[in-house]
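Atoms considered below: every heavy atom in the structure, side chains included; atoms not considered: hydrogens, waters and symmetry mates.
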Amino acid sequence: MGLEEPAAERRNSNSDEERDENRLAQFGYKQELKRDWGLAHNFGVSFSIISVITGITTLFSYGLNTGGPAVMSIGWIVVSFFTLLVAIAMAEIVSAIPTSGGPYFWAAMLAPAKWSPFAAWITGWYNLLGQVAVTTGITFGLANLVPTAIIVKNPDFVPTPRVTIGIYAAILLSHAIVNSFGVRALRYLNNVSIVLHSAGITAICIAVLAKAPTHQPASFVFGKFNDGTGVEGDGWSVRASPAYVALCGALLSQYTLTGFDASAHLSEETKKASWSAPIGVVSSVGFSAVFGFFVLMAFLFSIQDFDRTLSSAYGQPVLQILVDVAGEDGALVLFSLIMVCVWHCGLFSMTSNSRMMFAFARDGGIHPFFHKVDERFRSPIRAIWLAATLSFILALPSLGSSVAFAAATSIATIGLYISYGLPILIGLVYQEEFKTMKGPFNLKGFSRPIAGAACAWICFITVVFCLPTANPVTSQTLNYTVVAVGILSIGALGSWFLWAHRWFTGPAAEVAEAMRLGVDITEPGALEEKEKEERKLATGSPVEVPSE
């Protein structure tokens, strides 16, 4: 695969900055956001949003009940492999089209001119839903961890849904404030987050393994199957099959390895974006897959009593493992570090979310009111607060549903992966046009097989994560993922055919055409000349070759 960094990319910072701005100008945009992120920062944002400790901790109970250790461990390996294929396919597109818009912009550039606005519209709305749901899942997960920690020293404390929502609102507020007025601090917080998510979590895992009185055998970690999906009776392994439970249990792994499009959304703030952004996408998934497996193994091998962990008095199996291993005081210290990591994860999720909304508003996908960068803070403040508001609204069903959190994670997973898959599929179908756009991260002969496998996997998980995960299915246990995704799909399609097709053009049509023809839109007359050549070729007329 042609992944060598070209010599042209190895220049001084001034020429890098000019090249990045010129590349952005070719997409029809001027540099509005401050471009001061490097490869490490770009990687760090996706690594922080993937945040394996966040997904594993918040969905550990779901994993133990939906398949148990066997599904959690083996499922992680399988899901990591296919997710890496998705990331590699996405990285090739990011390298060609490094803009904050991400998937919806890629879809517009890769689709034929006739379908470009429609592709951008549909992809954009799936990406927006997924982004909002990811922020909801991360931050609402933290809002559940806080009262759980309180219970350790105050067993009489009962966290009601209203209390959890209140904590959730406070955390969202903190994220919005930092993103709005602390954009300069985000780089430093990013560095802190990388250290916490790597060295900090490694220290926790080593401490847990070292302090555990006993360790479970490998037969338990890779062979113990548990079906806790039955609310009032038998679970889905009886009603359907163990394979059904195993497929549903893969949500823990797939949800955790989500959000790596953040490297693309931050590309307009990243130096040497055509190289740094795709490397950020792939490396964040690769490192997270390996690191997450280590975290998962540390917790599963350190379970002291499976039944006690499953029905923990704290309602949180990871906290129960920590208490069994390190005692209440030690467990609170370790659990606090985990919660700090989850807070950073939610912070950068909102960063990515707001950049997508900022770009979508810039192209007319949502109201242009949200396409505004504050001159003083160099931050899209309006888009940030829109992200916070929508995330709060999405969590409100948790007041009346016991499975709302799992549904939010399913919505995040499906929404984001559909938005990842659509541009990959379009690039696969229109491969010849895509070849003219490719950047330094070029898969060459591996492009189509990897893209095909990535699209097949996304189709598969889209169906699986809409399935009910609790038996019997009632108004309280319904997996409303299919409802939310269905409403969005109907709304996006309906609005397009009713009115949006009349005014939404997506990214500028001439930019999309220039990209397809491999023309620099900033060069006066270049697009017109190329189109003239194309027309002559189409009609069979001779093409004039300019003399040297």
Side-chain angles (χ1 to χ4, degrees), residues 13 16-17 20 31-51 53-54 100 102 131-132 134-136 138-139 141-143 146 167-201 259-273 276-277 280 284 336-359 370-389 391-392:
S13 58
D16 288 338
E17 184 176 349
D20 285 327
Q31 186 72 45
E32 296 181 90
L33 300 169
K34 189 174 182 180
R35 194 183 288 272
D36 58 354
W37 295 65
L39 172 57
H41 298 107
N42 187 280
F43 156 80
V45 170
S46 283
F47 185 66
S48 296
I49 293 176
I50 293 175
S51 181
I53 194 64
T54 296
S100 293
Q131 289 274 348
V132 171
V134 162
T135 303
T136 301
I138 295 166
T139 310
L142 178 56
V146 173
I167 296 172
Y168 174 65
I171 298 170
L172 275 180
L173 184 64
S174 71
H175 289 160
I177 291 174
V178 174
N179 271 291
S180 297
F181 310 115
V183 68
R184 293 181 180 178
L186 285 177
R187 278 194 306 158
Y188 303 103
L189 288 171
N190 186 24
N191 293 336
V192 171
S193 181
I194 294 173
V195 173
L196 287 172
H197 279 90
S198 53
I201 301 305
F260 46 89
D261 58 323
S263 290
H265 293 304
L266 272 293
S267 59
E268 289 184 29
E269 297 163 73
T270 302
K271 301 172 185 176
K272 297 201 294 185
S276 298
S284 62
S336 295
L337 178 56
I338 291 175
M339 289 192 291
V340 172
C341 289
V342 179
W343 184 88
H344 280 83
C345 176
L347 174 72
F348 289 107
S349 176
M350 188 174 289
T351 304
S352 174
N353 195 342
S354 62
R355 269 48 173 187
M356 183 273 159
M357 292 180 177
F358 160 81
F370 298 105
H371 172 223
K372 171 70 175 177
V373 175
D374 184 88
E375 294 183 3
R376 179 181 176 186
F377 296 103
R378 297 297 297 272
S379 176
I381 292 179
R382 294 176 181 177
I384 289 168
W385 288 92
L386 174 64
T389 301
S391 295
F392 179 76

> I384 and F370: side chain to side chain contact (heavy atoms under 4.5 Å, CB included), yes or no, with the steps?
Replying inline: CA-CA 9 Å; I384 289 168; F370 298 105; over 6 Å; no

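- A donor-acceptor pair is defined here as one N or O able to donate and one able to accept, closer than 3.5 Å; no such pair exists between the side chain of S284 and the backbone of F260.
- In this structure a side-chain-to-backbone donor-acceptor pair under 3.5 Å is present from S263 to N42.
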>> Before you tell me yes or no, could you show the steps for V340 and H344 under side chain to side chain contact (heavy atoms under 4.5 Å, CB included), namely the whole-Å CA-CA distance, both residues' side-chain angles and the distance that decides it to 0.1 Å?
In response: CA-CA 6 Å; V340 172; H344 280 83; 3.8 Å; yes

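- If you run side-chain contact (heavy atoms from CB on, under 4.5 Å) between L347 and each of V342, N190, L189, I49, only L189 comes through.
- Distance check, rounded to the nearest 0.5 Å: CG of N353 to OG1 of T136 gives 8.5 Å.
- Residues I167 and A143 come closest through the heavy atom pair CG2-CA, 3.9 Å.
- Here the closest heavy-atom approach between residue M350 and residue T135 is recorded as N-OG1, 4.1 Å.
- Formation of a donor-acceptor pair under 3.5 Å by the S267 side chain with backbone atoms of A264 is found in this model.
- Looking at every heavy atom in both residues, S48 comes nearest to H197 through O-NE2, 4.0 Å.
- Taking OG from S354 and CD from Q131, the interatomic distance works out to 9.0 Å, rounded to the nearest 0.5 Å.
- Atom CD1 of residue I381 and atom CH2 of residue W385 lie 9.5 Å apart, to the nearest 0.5 angstrom.
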> Stepwise, does the side chain to side chain contact (heavy atoms under 4.5 Å, CB included) test hold for K271 with S276?
Replying inline: CA-CA 7 Å; K271 301 172 185 176; S276 298; 5.8 Å; no

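- Considering all non-hydrogen atoms of both residues, S51 and T54 come closest at OG-OG1, 2.5 Å.
- In summary, the side chains of D374 and S379 do not present any donor paired with an acceptor at a separation below 3.5 Å, with no hydrogens or angles considered.
- Scanning all heavy atoms of the two residues, the minimum distance from F348 to L186 falls at CZ-O, 3.5 Å.
- Using the six-membered ring where Trp is involved, Y168 and F392 have ring planes that are parallel, under 30° apart on the 30 and 60° scheme.
- Between S391 and L172 there is a side-chain heavy-atom pair separated by less than 4.5 Å.
- Counting heavy atoms from C-beta on, the side chains of V132 and M357 come closer than 4.5 Å.
- Scanning all heavy atoms of the two residues, the minimum distance from C341 to I53 falls at CB-CG2, 3.8 Å.
- Checking side-chain atoms of N179 against main-chain N and O of H175 turns up a donor-acceptor pair under 3.5 Å.
- Side-chain atoms of L142 and M339, non-hydrogen and from C-beta on, do get closer than 4.5 Å to each other.
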